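Here's the structure, in structure tokens; my notes come after.
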Amino acid sequence: MYMSQYPMVHPLTFAQNPLIHHLSGDPYWTVSDDNKRPVNARILLDTGNVYNARFDGEWPLVTLDKLDADQNLQAVNRAYRLRARENRVIAIDVEPNAPESMKQEVLEFPSHFTELSKNGGVHLLILVPEDLINQENRYMFDELSVFKEPVPKPEDPKEKPRDAYFEVLFNDHFVTFTKRMLTQKPCIDYNQNPEAKEKLAGFLNNIVQMDKQRKKEREVAKQYRIGMMKNLIDEDKEKTIESFISIKPFEEAKEQAKNKTVSDFGEDYSRYEMSVANGIAFHTIRVHKLAKDTQSFRKMARSLTEQDLAYAIYLLLKSVIPYREKHDETRDGLPWLLFTSKRAYEFVKAQNAKRKNGKK
């Protein structure tokens with residue numbers, strides 16, 4: 001399987017694929033940069049400038065037709081933000097490091113769209129018939145962002161586990177199309193091809209089986225987090241904290257937090273989240289101190305403990321940074337973002353004390 005066998009097709013050929021055509025009017029399209037990061041398509045089309053797509057302001061995506069109308073973007077990739085919960089379209093992404101036999105099998109798998117990815121992997125796009133979505137697999141379409149192949153542990157404990165060979169993308173995730181299409185492969189009609197439909201049903205069932213353990217872990221983690229939050233903060237206190245973080249000075253804190261992106265930190269999510277948390281913690285401590293001296297907010301501010309302030313940082317942090325799987329983990333008995341918020345609060349308090357002592 002060589003890339004040269006499948007050159008990039010003309011934008012018209014890409015757009016005329018029945019499934020791509022079906023999705024072309026959705027305002028969920030853009031292009032990706034060299035690092036596969038989706039670009040703000042509106043700004044790109046209006047000014048030619050390249051900025052990462054963000055979802056905290058004006059919608060950054062457009063229709064495929066709008067992208068195709070720009071002659072400068074003819075030889076550029078396309079990216080689509082999946083939303084299987086609404087339209088039942090999924091993407092199967094087989095990595096370049098997968099065995100050749102697996103790639104070959106996927107190339108032959110009945111689908112609506114097939115292409116080679118940038119480094120020799122395979123992309124399939126499939127509109128799953130509604131009658132194949134059942135009680136067992138519905139949660140994937142409605143809740144999952146990505147299903148990654150569970151990687152077995154190596155027999156030798158010194159050996160590093162391999163990377164996953166494939167993933168299935170469902171929601172809130174971009175698939176970047178190279179347009180290196182397998183034009184000779186027919187676009188499947190599952191309703192006219194019972195064998196192909198059965199094959200897809202088997203694939204979906206296999207994913208459900210592979211995801212069983214992780215699904216259990218996600219449910220346990222979810223219940224654990226809910227229980228833990230109830231123990232930490234009761235309903236009345238949560239309302240007080242929410243009232244506190246809704247006062248006007250916090251608008252600046254949110255704005256500053258939104259101006260940071262993970263690309264500012266070399267794609268290191270932990271550093272990015274810690275930096276955002278530190279910034280929010282600085283504002284939270286400052287606003288809390290000021291609020292204690294005002295007539296309007298004195299009573300509310302004085303009722304907040306250090307634990308409450310860490311929780312306030314957590315609520316703000318959760319509202320401004322994108323979700324990732326790490327957030328489902330716990331550290332020191334706390335949900336990941338609450339643990340990060342507590343560390344940020346402690347760090348800023350220590351910095352403030354250091355500055356204060358330095359002035360003496």
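Throughout, numbering of the chain's residues begins at 1 and tracks the sequence. Computed from a predicted structure; not experimentally measured.
Using a cutoff of 4.0 Å between basic side-chain nitrogens and carboxylate oxygens, Glu108 and Lys185 are not scored as salt-bridged. Here Asp264 does not pair with Arg271 in a salt bridge; the nearest charged N to carboxylate O distance is not below 4.0 Å. Taking 4.0 Å as the cut-off between side-chain N and carboxylate O, Arg88 and Glu130 count as a salt-bridged pair. Taking a cutoff of 4.0 Å between a charged side-chain nitrogen and a carboxylate oxygen, Glu149 and Arg162 qualify as a salt bridge. A salt bridge links Lys237 with Asp308: at least one charged nitrogen is closer than 4.0 Å to a carboxylate oxygen. By the 4.0 Å N-to-carboxylate-O rule, Asp211 lies too far from Lys216 to be salt-bridged with it. Using a cutoff of 4.0 Å between basic side-chain nitrogens and carboxylate oxygens, Arg81 and Asp26 are not scored as salt-bridged.
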| Could you go step by step and tell me if Phe170 and Phe147 meet the ring pair (Phe, Tyr, Trp, His ring centres under 6.0 Å) rule? | CA-CA 8 Å; Phe170 288 93; Phe147 165 82; 7.8 Å; no
| task | Go through the steps for Lys199 and Glu195 under the test salt bridge (Lys or Arg N to Asp or Glu O under 4.0 Å), then give the verdict. | result | CA-CA 6 Å; Lys199 207 168 181 181; Glu195 195 184 327; over 6 Å; no
| field | Intermediate values then yes/no, side-chain contact (heavy atoms from CB on, under 4.5 Å), Leu125 and Phe177 | value | CA-CA 10 Å; Leu125 204 64; Phe177 297 104; 3.8 Å; yes
| Hey, mind stepping through Lys103 and Glu100 against salt bridge (Lys or Arg N to Asp or Glu O under 4.0 Å) and telling me if it holds? | CA-CA 5 Å; Lys103 290 185 204 172; Glu100 286 301 316; 3.3 Å; yes
| task | Go through Asp93 and Lys148 one step at a time and tell me if the salt bridge (Lys or Arg N to Asp or Glu O under 4.0 Å) criterion holds. | result | CA-CA 10 Å; Asp93 183 3; Lys148 252 187 204 299; over 6 Å; no
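Each of Ile207, Val208, Leu132, Asp142 was evaluated against Asn137; a single residue qualifies, Val208, per the side-chain contact (heavy atoms from CB on, under 4.5 Å) test.
At a cut-off of 3.5 Å, with distance as the only test, no side-chain donor of Asn77 or Lys179 sits close to an acceptor on the other residue. Using a 3.5 Å distance cut-off with no hydrogens or angles, the side chains of Thr47 and Asn49 do pair a donor with an acceptor. Side-chain contact, Thr240 with Ser243: no donor N or O sits under 3.5 Å from an acceptor N or O. A side-chain donor from one of Ser275 and Lys260 sits under 3.5 Å from a side-chain acceptor of the other. Looking at Gln16 and His10, their side chains never bring a donor and an acceptor atom within 3.5 Å of each other.
Minimum interatomic distance between Asn171 and Met140 (heavy atoms only, all atoms of both residues): ND2-O, 4.0 Å. In this structure, Asn97 and Ala164 approach most closely via the heavy-atom pair OD1-O, 4.1 Å.
Transitive grouping of hydrophobic side chains (ILVMFWY, heavy atoms separated by less than 4.5 Å) keeps Tyr51 and Leu73 in distinct clusters. Follow the hydrophobic side-chain contacts under 4.5 Å out from Met8 and you never reach Leu124; the two are in separate clusters. Ile247 is connected to Tyr314 through a chain of hydrophobic side-chain contacts under 4.5 Å among Ile, Leu, Val, Met, Phe, Trp and Tyr, so both are in one cluster.
Side-chain contact between Pro110 and Tyr190: present, with at least one pair of heavy atoms (C-beta onward) separated by less than 4.5 Å. Using a 4.5 Å cut-off on side-chain heavy atoms (C-beta onward), Pro150 and Arg214 make contact. Between Phe174 and Ser32, the closest side-chain pair of non-hydrogen atoms is not below 4.5 Å. Counting heavy atoms from C-beta on, the side chains of Leu169 and Ile90 never come closer than 4.5 Å. Here the side chains of Val151 and Asp163 are not in contact, with every heavy-atom distance at 4.5 Å or above.
To the nearest 0.5 angstrom, Phe109 atom CZ is 12.5 Å from Met102 atom CE.
Because its NZ or CZ atom is both nearer than 6.0 Å to the ring centre of Tyr139 and within 45° of the ring axis, Lys215 counts as a cation-pi partner of that residue. For the pair Arg83 and Tyr28, the distance from NZ or CZ to the six-membered ring centre is under 6.0 Å and the angle to the ring normal is within 45 degrees.
Note: Phe297 and Phe244 fail the aromatic proximity criterion, with ring centroids not under 6.0 Å apart.
For the ring pair (Phe, Tyr, Trp, His ring centres under 6.0 Å) test, residues two or more places apart in sequence or in another chain that qualify with Tyr80 are Trp29.
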